[in-house]
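Here the structure is laid out as structure tokens; the discussion comes afterwards.
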Amino acid sequence: ETMTDFNSSSSLNIPDEAIKKLQNLLKDADLVKFAKYVPLSNEIELHRNDAEKVIEVLHPKIKIEDEAVE
């Protein structure tokens, strides 16, 4: 919810799909870290692909935001 609220109040305009992928990645990372969940190899590959897609979406937006702060 925090990520969605931040996105709607900022000028970053991150696509909803990227936010959902990031939320899922963070939830599953918590399971791995705290619940000792062991994902299947295909889940690991899907998460890696999703992480790359999220980074591709966020990287240019963060760079633009950094330039605006300077």
Side-chain angles (χ1 to χ4, degrees):
E1 290 179 29
T2 302
M3 291 171 26
T4 304
D5 291 343
F6 173 78
N7 189 45
S8 63
S9 68
S10 74
S11 61
L12 294 178
N13 297 321
I14 299 167
D16 289 338
E17 182 181 344
I19 291 175
K20 288 177 185 176
K21 285 182 183 195
L22 184 55
Q23 288 172 329
N24 287 334
L25 286 168
L26 294 173
K27 285 178 189 176
D28 286 350
D30 280 348
L31 287 174
V32 169
K33 183 174 182 177
F34 297 112
K36 305 299 182 208
Y37 172 73
V38 179
L40 301 172
S41 61
N42 65 329
E43 290 176 308
I44 294 170
E45 187 63 30
L46 289 172
H47 287 321
R48 180 184 167 100
N49 291 337
D50 285 347
E52 289 174 354
K53 290 175 186 173
V54 169
I55 290 169
E56 287 174 6
V57 169
L58 294 180
H59 184 71
K61 294 180 181 296
I62 292 170
K63 187 175 182 180
I64 291 169
E65 192 71 14
D66 285 345
E67 290 171 359
V69 171
E70 294 174 357

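The minimum heavy-atom distance between Val57 and Ala18, with the atom names listed, is CG1-CB, 4.0 Å.
The distance from atom CG of Leu58 to atom CG of Leu22, rounded to the nearest 0.5 Å, is 6.5 Å.
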Can you give me every donor-acceptor pair (side chain of residues 41-51, partner residue at least two apart or in another chain, under 3.5 Å) with its distance?
residue : atom : partner : partner atom : Å
Glu43   : OE1  : Tyr37   : OH           : 2.9
Glu43   : OE1  : Leu40   : N            : 2.7
Glu43   : OE2  : Tyr37   : OH           : 3.0
His47   : NE2  : Asp28   : OD2          : 2.8
Asn49   : ND2  : Glu45   : O            : 3.4

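The hydrophobic clustering, which links ILVMFWY residues whose side-chain heavy atoms are closer than 4.5 Å, places Leu26 and Val32 apart.
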